[in-house]
Amino acid sequence: PKPCEVTPAIIMKTYACQRRTPLKHHNSFLTEPLEILAENAEFSENEGRSIAFRRSAAVLKALPHVVRAMDELKDLPCLGEHSLRVIKEILEDGTSSEVESTRQSEQFQAMKALTGVFGVGVRTADRWFREGLRSPLDLIHTGQKLNHAQQAGVQHYNDLNTPVTKKEAMVISDIVERAVKAVLPGAIIILTGGFRRGKEVGHDVDFLITHPEEGAEERLMPKIVNWLEEQGLLLYQKTTRNSYLESKDGPARPPSNMDRFERCFSIFKLEQSKMDSDTQVEASSYNSSTTDGPEERHSGSRWRAVRVDLVVSPYSQFAFATLGWTGSKLFERELRRWAGQEKGMSLSSHALYDSKQQRYLQANSEEEIFAHLGLEYIPPSERNA
Ligand code: GTP
Ligand code: MN
Ligand code: MN
């Protein structure tokens with residue numbers, strides 16, 4: 001053998017925000033099972049365990065090759081005893097008995113179905129599970145008391161559990177652009193979330209809105225929402241102010257201008273275009289046979305419900321908001337952990353606070369935030385941890 005033909009050692013950094021994680025990787029046969037266990041841990045409100053499985057999966061997503069044997073894993077960080085046991089079983093037998101029995105379990109399936117209802121979190125789903133409920137239809141049959149979000153969630157259950165395509169996201173982008181430009185000329189709108197990371201489908205469409213003139217964005221959300229409502233484009237919306245102050249994102253109290261942070265969780269009524277109506281008929285009639293059933297469905301008009309998140313940020317916080325709403329969730333979590341544990345800083349979607357210097361660090365771009373954090377810049381398409 002030629003002396004130089006040694007496989008170079010892969011340097012795998014400890015934090016996901018130090019690594020490039022592409023959307024398409026080589027080890028789904030291992031990461032999907034690990035993420036089932038992570039999800040199951042979330043259902044039991046065991047956050048530590050869930051994070052451990054997610055970190056293991058993220059390391060495997062960043063590997064440039066398919067894992068074939070256990071000894072390829074010996075120098076990798078984040079792989080705990082439990083994850084290694086699961087990986088070993090899959091490499092040897094093709095499947096993990098723990099993962100398969102989790103997948104099949106009544107509790108996992110019911111929790112998946114119940115948390116799949118928009119507006120239903122793990123706590124509520126778990127209470128319903130213990131009361132014997134297993135599916136959204138059980139909620140209807142037993143006449144459960146539901147809040148407005150949950151009512152919309154049950155009503156549009158099938159649509160909201162049908163992945164949103166990039167094409168649909170683009171149609172919604174056009175609508176949001178029109179709405180925002182109509183009520184605030186000069187505003188800037190960007191697509192965030194999974195679609196910004198290059199995903200082909202998503203569970204919703206996320207937008208971040210700002211205006212170069214600081215303060216011009218104030219009270220913008222109600223105007224956007226009114227415009228959309230007047231056009232009959234919304235099936236549900238809940239607008240929130242001040243969500244940052246209630247969140248557990250950052251330690252230090254933010255400057256007072258953060259009170260302006262506004263966001264809206266909504267469900268859009270998306271007209272299915274005539275062009276692809278042939279391919280939509282099937283999906284549409286499938287939907288109307290279940291819990292989605294407004295009259296219009298049966299009288300010819302074709303539309304579907306799509307979850308949309310809108311966030312308005314002051315211009316001075318736009319870079320932080322962009323970084324914070326691009327994800328992935330694990331990538332964000334790792335950025336904040338890196339900031340806190342390695343840099344003595346506190347990062348949120350609003351600001352970066354340096355505890356040593358006791359001051360906020362300004363940034364006009366994501367690149368500048370990575371630089372403040374002493375991290376190599378990772379583009380959105382490589383944040384799929
Ligand atoms: P899919 O929508 O499932 O395709 O993936 P996604 O990555 O777009 O997930 P999601 O829409 O749930 O979230 C998008 C990004 O917004 C993620 O990075 C989240 O961390 C972030 N995010 C979601 N909810 C909140 C929130 O309440 N506060 C903040 N600051 N960020 C949030
Ligand atoms: Mn999203
Ligand atoms: Mn979202």
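This one's a predicted model, so the numbers in the text were calculated from it and none came from an experiment. One-based numbering, in listed order, for ligands and for the atoms of each.
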Visitor: To which of Trp325, Phe320, Phe265 does the heavy atom nearest atom 25 (C) of ligand 1 belong?
Guide: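 Looking at heavy atoms only, the winner is Trp325.
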Visitor: What atoms of ligand 1 come within less than 4.0 Å of a heavy atom belonging to Gly202?
Guide: 4 (O)
Visitor: Given atoms OD1 of Asp204 and OD2 of Asp206, what angle do they subtend at the Mn ion (ligand 2), to the nearest 10 degrees?
Guide: 90°
Visitor: I'd like to know if the side chain of Ser44 and the backbone of Asn46 have a donor-acceptor N/O pair within less than 3.5 Å.
Guide: no
Visitor: Answer yes or no: is there a side-chain heavy-atom contact under 4.5 Å between Leu37 and Arg49?
Guide: no
Visitor: Relative to the heavy atoms of Gly327, which atoms of ligand 1 are at a distance of less than 4.0 Å?
Guide: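 Those atoms are 17 (C), 18 (O).
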Visitor: Got a sec, which residues hit side chain to side chain contact (heavy atoms under 4.5 Å, CB included) with Glu230, two or more places apart in sequence or on another chain?
Guide: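 By the side chain to side chain contact (heavy atoms under 4.5 Å, CB included) rule, Glu230 matches no residue at all.
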Visitor: What do you reckon, does Val201 have a nitrogen or oxygen under 3.5 Å from a nitrogen or oxygen of ligand 1?
Guide: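 Not met; the criterion fails.
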Visitor: Taking the non-hydrogen atoms of Arg307, is any one of them nearer than 4.0 angstrom to ligand 1?
Guide: no
Visitor: May I ask you to decide whether Arg130 forms a salt bridge with Asp126, counting only side-chain N to carboxylate O separations under 4.0 Å?
Guide: yes
Visitor: Between Arg383 and Glu366, does the salt bridge (Lys or Arg N to Asp or Glu O under 4.0 Å) criterion hold? Intermediate values first, please.
Guide: CA-CA 13 Å; Arg383 294 181 203 159; Glu366 290 181 313; 2.9 Å; yes
Visitor: Looking only at N, O or S atoms in Asp309, which is nearest to the Mn ion (ligand 3)?
Guide: OD2
Visitor: As a check for students: among Arg263, Arg333, His203, identify the option with a heavy atom nearest to atom 1 (P) of ligand 1.
Guide: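 Answer by nearest heavy atom: His203.
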Visitor: Testing the 3.5 Å rule here: is there a donor-acceptor pair between the side chains of Trp338 and Gln18?
Guide: no
Visitor: Using a heavy-atom cut-off of under 4.0 Å, does the side chain or the backbone of Asp206 touch ligand 1, or both, or neither?
Guide: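 Just the side chain.
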Visitor: Would a 4.5 Å heavy-atom cut-off, applied to side chains only, mark Thr326 and Leu208 as touching?
Guide: no
Visitor: Is Arg20 paired with Glu376 through a side-chain N to carboxylate O contact shorter than 4.0 Å?
Guide: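 Arg20 and Glu376: salt-bridged.
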Visitor: Using a 3.5 Å cut-off on N or O atoms only, is Gly193 in polar contact with ligand 1?
Guide: no
Visitor: Short list, please: which atoms of ligand 1 are under 4.0 Å from a heavy atom of Lys329?
Guide: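 So the answer, numbered in order with elements, is 9 (O), 10 (P), 12 (O), 19 (C), 20 (O).
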Visitor: Please determine if Arg337 forms a cation-pi arrangement with Tyr15, meaning its NZ or CZ atom is less than 6.0 Å from the six-membered ring centre and no more than 45° off the ring axis.
Guide: yes
Visitor: Does any N or O of ligand 1 fall below 3.5 Å from an N or O anywhere on Asp309, backbone included?
Guide: no
Visitor: Please report whether ligand 1 has a polar contact with Ser349, defined as an N or O pair separated by less than 3.5 Å (distance criterion only).
Guide: yes
Visitor: List every atom of ligand 1 that sits less than 4.0 Å from any heavy atom of Lys199, numbering the atoms from 1 in the order shown and giving each element.
Guide: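 Heavy-atom distances to Lys199 below 4.0 Å select 1 (P), 3 (O), 4 (O), 5 (O).
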Visitor: Give the atom numbers and elements of ligand 1 that come within less than 4.0 Å of a heavy atom of Asp204.
Guide: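 Near Asp204, the atoms of ligand 1 are 2 (O), 11 (O).
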Visitor: Do the non-hydrogen side-chain atoms of Glu168 and Arg304 ever get within less than 4.5 Å of each other?
Guide: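 In contact.
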Visitor: Cut-off 3.5 Å, side chains only: do Glu214 and Ser316 have a donor facing an acceptor?
Guide: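 Yes.
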Visitor: Out of all atoms in ligand 1, which are within 4.0 Å of some heavy atom of Arg197? Include the element for each.
Guide: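 Here the atoms of ligand 1 in question are 7 (O).
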Visitor: Looking only at non-hydrogen atoms, which of Gly194, Ala321, Gly324, Pro163 approaches atom 21 (C) of ligand 1 most closely?
Guide: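 The option holding the nearest heavy atom is Gly324.
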